[in-house]
Amino acid sequence: MSPAIRLGPLVFPTELAVLAAAVLAGLLAARLSGRARSAELGTVLWRALFIGLAVARLVFVWQYREHYLPEPLRMLDLRDGGWNGMAGLAAAWLYALGAALRRQAARVALLGALALASAVWIGGGRWLAPTPETRPELAALALRQLDGQPATLAAFQGKPTVINLWASWCPPCRREMPAFAAAQAANPAVNFVFLNQAETPDDVAGFLRQHAPALRNVLIDPAGEASRAMSNRGLPATLFLDAQGRLTDLRVGELSTASLAQRLDAIKAPAASR
């Protein structure tokens, strides 16, 4: 399953499609419960959605508050995909339960609609979540170092690895690069590979000298094969691999220091627990 949906020039993460499907399922269930109550139930479901999203964001921000304190306004930037989904789901259910207690006649229909929406959201998320697995197409990529010498991703096995697909013409790629540079410096137990998509070595080297001189492990994918295979040509895209080289997560879209830290915690956790 692709982690992104392409609509013309726009690329959306598939988790947004799952959320939209869950909302539509709940609203459809509310409508089928009876025309006299469908508008009222729809209002409650929309409120539950907004409350859930707000709480999911606030809990995430609190968990990773040290990344937001230097620039508090970044808490409002939702492009980084930083959410605590289970906290949001719990908040939506608490609101809906309170609403059900106040609406005796619509109690069953309201809770049934929310249960259906929750099932679609949880089930869709698990269906789309990548199962940890080796990806032979990554090992087969014909990569180059900046000096033109051949390179391979096999050299980075043995430690958790983050592979960032980027291009210098991509504004969100440029915005997230300081977060990656800081994470690379702070996490020596994790490999960071910056896989440029289809630009020339001279262009990449010139960009790095000016904007990111501290980055290490910068490679070039001359044909942009990784982007086509892994992210539906959406950039930036970041692959998270465990120490055995298995893909465990893939994010299409910009990452902040906080949402990058969240995913680093996930791939470092197995090593830390042994």
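Numbering of residues begins at 1 and proceeds along the displayed sequence.
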Trainee: Looking at Ala223 and Ala198, what are the two nearest heavy atoms and their distance?
Mentor: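 Looking at all heavy atoms of both residues, the shortest contact is C-CB, 4.4 Å.
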
Trainee: Would you give me the side-chain donor-acceptor pairs under 3.5 Å for residues 44-58, sequence neighbours excluded?
Mentor:
{"residue": "Arg57", "atom": "NE", "partner": "Met75", "partner atom": "O", "Å": "3.1"}
{"residue": "Arg57", "atom": "NH1", "partner": "Asp80", "partner atom": "OD1", "Å": "2.9"}
{"residue": "Arg57", "atom": "NH1", "partner": "Gly82", "partner atom": "O", "Å": "2.9"}
{"residue": "Arg57", "atom": "NH2", "partner": "Arg74", "partner atom": "O", "Å": "3.4"}
{"residue": "Arg57", "atom": "NH2", "partner": "Met75", "partner atom": "O", "Å": "3.0"}
{"residue": "Arg57", "atom": "NH2", "partner": "Asp77", "partner atom": "O", "Å": "3.1"}

Trainee: How long is the straight-line distance from CG of Leu247 back to OG1 of Thr161, given to the nearest 0.5 Å?
Mentor: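 Separation between the atoms: 11.0 Å.
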
Trainee: List the atom pairs, donor and acceptor, that lie under 3.5 Å between side-chain atoms in residues 138-146 and the rest of the protein, sequence neighbours left out.
Mentor:
{"residue": "Arg144", "atom": "NH1", "partner": "Gly148", "partner atom": "O", "Å": "3.1"}

Trainee: Can a donor-acceptor pair be found, under 3.5 Å and without considering hydrogens, that links the side chain of Thr248 to the backbone of Phe240?
Mentor: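 Yes, Thr248 side chain to Phe240 backbone: donor-acceptor pair under 3.5 Å.
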
Trainee: With the 4.5 Å side-chain cut-off for hydrophobic clustering, are Leu97 and Met86 part of the same group?
Mentor: yes

Trainee: Return each pair, listed once, that meets salt bridge (charged side-chain N to carboxylate O under 4.0 Å, His left out) where at least one residue sits in residues 153-177; pairs must be two or more places apart or across chains.
Mentor: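 Of all non-adjacent pairs touching residues 153-177, those that pass salt bridge (charged side-chain N to carboxylate O under 4.0 Å, His left out) are Arg175-Glu254.
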
Trainee: Check whether any side-chain heavy atom of Phe156 sits under 4.5 Å from a side-chain heavy atom of Leu219, and report yes or no.
Mentor: yes

Trainee: Would you name the heavy atoms of Leu114 and Ala96 that are closest together and state the gap between them?
Mentor: CD2-CB, 3.1 Å

Trainee: Would you say the side chain of Trp93 lies within less than 4.5 Å of the side chain of Leu111, judging by non-hydrogen atoms?
Mentor: yes

Trainee: Counting N and O atoms only, with roles assigned by atom type, does the side chain of Asp221 sit under 3.5 Å from a partner on the main chain of Ala226, one being a donor and the other an acceptor?
Mentor: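 Here the side-chain-to-backbone pair exists.
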
Trainee: With the side chain counted from C-beta on, respond yes when Asn217 and Gln184 share a heavy-atom pair under 4.5 Å apart, and no when they do not.
Mentor: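 Asn217 vs Gln184: side chains touch.
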
Trainee: By the salt bridge (charged side-chain N to carboxylate O under 4.0 Å, His left out) test, which pairs, at least two apart or in different chains, include something from residues 87-96?
Mentor: none

Trainee: Do Asn191 and Leu241 come close enough that some side-chain heavy atom pair is under 4.5 Å?
Mentor: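 With C-beta onward as the side chain, the pair stays apart.
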
Trainee: Does one hydrophobic cluster hold both Leu89 and Leu78, with members joined at side-chain heavy-atom distances below 4.5 Å?
Mentor: yes

Trainee: Would Leu76 and Tyr68 count as a side-chain contact (heavy atoms from CB on, under 4.5 Å) if you check the C-alpha gap in whole Å, the side-chain angles of each, and the deciding distance to 0.1 Å?
Mentor: CA-CA 10 Å; Leu76 303 177; Tyr68 291 103; over 6 Å; no

Trainee: If you look at every heavy atom in Leu41 and Ala109, which pair is closest and at what distance?
Mentor: CD1-CB, 3.6 Å

Trainee: Can you list everything that forms a side-chain contact (heavy atoms from CB on, under 4.5 Å) with Ala183? Sequence neighbours excluded, please.
Mentor: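 Listed in chain order: Asn187, Phe192, Leu260, Leu264.
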
Trainee: Could you list all the salt bridge (charged side-chain N to carboxylate O under 4.0 Å, His left out) pairs where at least one residue sits in residues 186-202, not counting sequence neighbours?
Mentor: none

Trainee: Looking at every non-hydrogen atom in both residues, tell me the closest pair between Ala167 and Asn196 and how far apart they are.
Mentor: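 Shortest heavy-atom separation between Ala167 and Asn196 comes out as CA-ND2, 3.8 Å.
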
Trainee: Can you see which heavy atom on Ala25 is nearest to which on Leu116, and at what distance?
Mentor: O-CD2, 3.6 Å

Trainee: Any heavy-atom pair between the side chains of Thr238 and Phe180 that's under 4.5 Å?
Mentor: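 Contact flag for Phe180/Thr238 side chains = yes.
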
Trainee: Does the side-chain contact (heavy atoms from CB on, under 4.5 Å) test come out yes or no for Val23 and Trp121, once each step is laid out?
Mentor: CA-CA 9 Å; Val23 172; Trp121 184 74; over 6 Å; no

Trainee: Determine whether Trp169 and Asp203 make a side-chain contact, defined as any pair of heavy atoms from C-beta on separated by less than 4.5 Å.
Mentor: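 The answer is no; the side chains never approach within 4.5 Å.
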
Trainee: Identify the heavy atoms of Tyr64 and Gln262 that sit nearest to each other, and give their distance.
Mentor: OH-CA, 3.2 Å

Trainee: Measure the spacing between CG of Leu255 and CE of Met177 and express it to the nearest 0.5 Å.
Mentor: 12.0 Å

Trainee: Heavy atoms, side chains only, cut-off 4.5 Å: are Leu250 and Leu239 in contact?
Mentor: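 Result yes, sub-4.5 Å side-chain heavy-atom pair found.
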
Trainee: Given the rule that I, L, V, M, F, W and Y join up when any side-chain heavy atoms are under 4.5 Å apart, are Val218 and Val190 in one cluster?
Mentor: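 Hydrophobic grouping puts Val218 with Val190.
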
Trainee: Atom CG in Asn164, atom CD in Gln197: separation rounded to 0.5 Å?
Mentor: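 So the CG of Asn164 and the CD of Gln197 are separated by 9.5 Å.
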
